[in-house]
Amino acid sequence: MEHPENSVEYAGLQVNAGVEQPQSVNPYLRQMRKRRQVLFTVSEYVEGILRGDVTRLSQAVTLVESTLPEHQVVAQEVIEKCLPYSGNSVRVGISGVPGAGKSTSIDALGVHLLDRMGGKLAVLAIDPSSEKTKGSILGDKTRMEKLAVHPKSFIRPSPTAGSLGGVARKTRETIILCEAAGYNHVFVETVGVGQSETACHSMVDFFLLIQLAGTGDELQGIKRGIMEIADGIVINKADGDNVDRAELAASHFRNALHLFPLPESGLVPEVRCYSGFYELGIDEVLDMIGRYIDHVKETGFFQYRRNEQAKYWMYESINEQLRNGFYFNPRIRELIGPTEQQVLGGQVTSFVAAKRLVDEYYAEIKD
Ligand code: GDP
């Protein structure tokens, strides 16, 4: 269109027609993105993993973490193919409240472990809050400086999968891939908030609880039932003028542990003090884990616990699938809001409302 200022009253002024502006988005970007997302075949993933190719392993883990159904189909097949090559690691869960020194300790324990035993270490994480905070605070490479640059370590932050069950399942599947890739030591880091500890416990051979002295943690731990699932308790930051307090906390824990029935493993959890930061007592913590593993392998409890975990995860997966089937059903999605209102308005009881919805769901899926 002719520019308005080229009309006669602006005589002497000539405004040239503008040039068309280029697109602000690179037209090739979409194509590039598509190319980057390209999926490999199941056997390409599996061969890469079995070869110990870290890039291919990372790509497969990304696939496991993806929520896209087409990614999940491939991921599940890859996991199935890797399953016969998995199981050959010692899996250690490491838990503690934020600030307890988990990353510092994992860094120290990991490097000492690799120095002593050789092999390869995978550090994974379960952090149910990562969905909310959009960014995981666990399994962060920048917080494990030595392991992050260690050629024999693989660090992966927590998957973000919404529900705790989802996050935990993906971490468990990632363990299988890592083991198939030859990682014979696996650490699973989790934050000390109730249910995620239980989820972590259900996929490891040894559950290590990191505590601090003088924070009232002793009582907290006992109250929350966490003592029942700990296979070993360690008091971190036993350095400087904190050593005596750490020793005192340790003796409180030892006394408290006598109040509990003997765990299924037949071993009373050991309690030790150490300093992750100054790397004091690290080898003793590793010895404690080693002693436990040797014992349970000898008694058969090691395999028993893994079998129980496999069973647990079968039922967890059934529950998850049933729940998803129900809540994502279009008819149920339509009805659930109004039904909730009826319950809130006192028109129907919770039980009647639930039964109506479930009946409706079964009627739906029958057709
Ligand atoms: P996380 O949140 O449990 O992973 O804890 P971090 O490993 O990030 O540690 C929290 C803080 O405690 C950091 O400032 C560490 O430097 C410090 N810290 C960790 N371990 C020790 C230790 O053994 N002794 C001392 N004095 N400080 C420590």
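Start at 1 and go down the list; that is how both ligands and their atoms are numbered.
- Of the N or O atoms in P98, none lie within a sub-3.5 Å distance of an N or O in ligand 1.
- Although no hydrogens or angles enter the test, the distance criterion places a donor-acceptor pair under 3.5 Å between the side chain of T62 and the main chain of S58.
- Test K170, R156, H71 against E65 for side-chain hydrogen bond (donor to acceptor under 3.5 Å, both in side chains) and you get one pass: R156.
- The backbone N or O of H201 lies less than 3.5 Å from a partner atom in the side chain of Q309, making a donor-acceptor pair.
- Using a 4.0 Å cutoff on heavy atoms, G96 does not count as a contact of ligand 1.
- In summary, the atoms of ligand 1 found under 4.0 Å from a heavy atom of D239, numbered by their order in the structure, are 22 (C), 23 (O), 24 (N), 25 (C), 26 (N).
- Partner of F187 under the side-chain contact (heavy atoms from CB on, under 4.5 Å) criterion, chosen from L208, V90, L113: L113.
- Relative to atom 15 (C) of ligand 1, the option among I210, T104, I282, D107 with the closest non-hydrogen atom is T104.
- Proximity of V97 to ligand 1, defined as any heavy-atom pair under 4.0 Å, is confined to the backbone N, CA, C and O atoms.
- Between N236 and ligand 1, at least one pair of N/O atoms sits closer than 3.5 Å.
- Within 6.0 Å of CD on E70 lie more than 12 heavy atoms contributed by other residues, nucleotides or ligands.
- Taking every heavy atom of S103 and a limit of under 4.0 angstrom, the matching atoms of ligand 1 come to 4 (O), 7 (O), 8 (O).
- The S275 neighbourhood of ligand 1 comprises atoms 22 (C), 23 (O), 24 (N), with distances under 4.0 Å to a heavy atom of that residue.
- Within the 4.5 Å cutoff, no side-chain heavy atoms of L212 are placed close to those of I235.
- For atom 17 (C) of ligand 1, the choice among K237, E189, K102, E279 with the nearest heavy atom turns out to be K237.
- Cation-pi contact between R91 and F206: absent, since separation from the ring centre below 6.0 Å together with deviation from the ring axis within 45° is not met.
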